[in-house]
Protein chains: 2
Amino acid sequence: MGHHSGSARERIIDAAERVVIEFGAGHLTFDAVALKAGLSRGGLLYHFPDKEALLKAMLDRLMERMKMRRAKKRAELAEGTEREIVAHVLSSLEKPEEVDKAARARTAAILASGAHDPGLLAPAKEEYRKLMDELTENGLRFERAAVIAIATDGLRLLELLSVSPFDKDERRRIVGELISLAKEEKKAP
Amino acid sequence: MGHHSGSARERIIDAAERVVIEFGAGHLTFDAVALKAGLSRGGLLYHFPDKEALLKAMLDRLMERMKMRRAKKRAELAEGTEREIVAHVLSSLEKPEEVDKAARARTAAILASGAHDPGLLAPAKEEYRKLMDELTENGLRFERAAVIAIATDGLRLLELLSVSPFDKDERRRIVGELISLAKEEKKAP
DNA sequence: GTCTATATCAAGATAGAC
DNA sequence: GTCTATCTTGATATAGAC
């Protein structure tokens, strides 16, 4: 099925994510993407016949990569109740946002799709439900898992919207608190 | 300063918020807003000469109303370390999202501004910083306050993007967990 | 203060050459 | 597979009548 990596499709999706990050979800146009990807509108439209196709591809790759990153992180962690949720937090927030362009890029697809057609986000909702199931699989209490998950994704969204007021050190402490909250659950009565 | 309530400006901002909620931030057009507000494009442009003016007005009203709702909630709560943060959580999430159109509307302005021009969100960032200062004023530990705040706002954003997978009961339990996390801090060693 | 034009432009999408 | 050219629409914004 898949083509060689570094394919035109991949390069175009990369470009689209960068457009959203630099100019905002409302400025994801074929023109801007073509410019960033280094090809013409026509060439771009050969790969993605319309905007919906591009957004769906962005979302699909986003979800795929998030799962991969989480799996990779989980493999580095010791077993335990909190293993899944810690993998989720760290795979999303481990690196400071200025550095982790990939993480910002991931969230970009969500905002761009929401701006264009909220209906496109239905699959993302299903994925989020599955994520919650996995997070609680090892016995972690649902409420605690949910709070940590929405805090993690909330911080990502706030950062992408440039509303997050936290500096690097504060952010590091917040991530630490999220991890603590996950581990605390083990010792609960 | 202010004009009578129910003024044209207010009705237009109401309409704009509803457009974002129903069709997504990318479909906030003068046409759509004029239609919802029950006047013509020309009439609308008399009040808001360009889109930036409309978005700024939406953001200003959003921040003003959030502060008012929080203050009102705080007045109902007993004094204590966690008073401010509990007021924040409840004023944002108390009512289920289907019911609380006002709460969704508030978040709408953020997404719409972010889509149009991320620079417009600079004042929102300052407000968020001030909010964090107030939340920790009573002695609540910064990390805990921040986690609860980003979880609260994260859930709001996920709901507005239709990505939140939680049903009414799960949501109620999540809000309960946020309150517990605020109160727990009192008993810490 | 609200309306109806209308000018202008940006963006999505198609067709066909190379 | 990529390009240029073109069609078409929809959105911002202006001008001026009522």
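Reminder, nothing fancy here: chain letters follow the sequence lines and each chain counts from 1.
When heavy atoms are screened at a 4.0 angstrom cut-off, A:Tyr46 is found touching base atoms of the nucleic acid. Counting non-hydrogen atoms under 4.0 angstrom, A:Leu45 reaches a base of the nucleic acid. Across all strands shown, A:Ser40 has heavy atoms under 4.0 Å from base atoms, whether or not it also approaches the sugar-phosphate.
Electrostatic pairing of B:Arg61 and B:Asp14 counts as a salt bridge here, judged by a charged N lying under 4.0 Å from a carboxylate O.
Rounded to whole Å, atom P of D:dG10 lies 13 Å from atom NE2 of A:His116. When rounded to the nearest whole Å, the span between CG of B:Leu44 and P of C:dT2 equals 10 Å. Here C:dA10 presents its C1' atom at 15 Å from CG of A:Leu35, a figure rounded to the nearest Å. Atom CG of A:Leu55 and atom C1' of C:dG12 are 13 Å apart (whole Å). Rounded to an integer number of Å, the gap from B:Glu52 CD to D:dT12 P is 14 Å. Counting to the nearest Å, the P atom of D:dC3 and the NE2 atom of A:His47 are 9 Å from each other. Separating the NZ atom of B:Lys51 from the C1' atom of D:dG10 is a distance of 12 Å, rounded to the nearest angstrom. In this structure, CZ of A:Arg41 is placed 18 Å from P of C:dG16, rounded to the nearest angstrom.
Each of B:Val175, B:Ile174, B:Asp169 was compared with B:Arg172 under the side chain to side chain contact (heavy atoms under 4.5 Å, CB included) criterion, and only B:Asp169 meets it.
Using cut-offs of 30° and 60° on the angle between ring planes, the pair A:His116 and B:His27 is tilted.
When the shell of 6.0 Å around CD of A:Glu98 is examined, it contains more than 12 heavy atoms from other residues, nucleotides or ligands.
Ranking D:dC3, C:dA13, C:dC3 by closeness to the A:Leu39 side chain, first place goes to D:dC3.
Of the two residues contacting DNA chain C, namely A:Asp31 and A:Pro49, the nearest-nucleotide position lying further toward the 5' end is that of A:Asp31.
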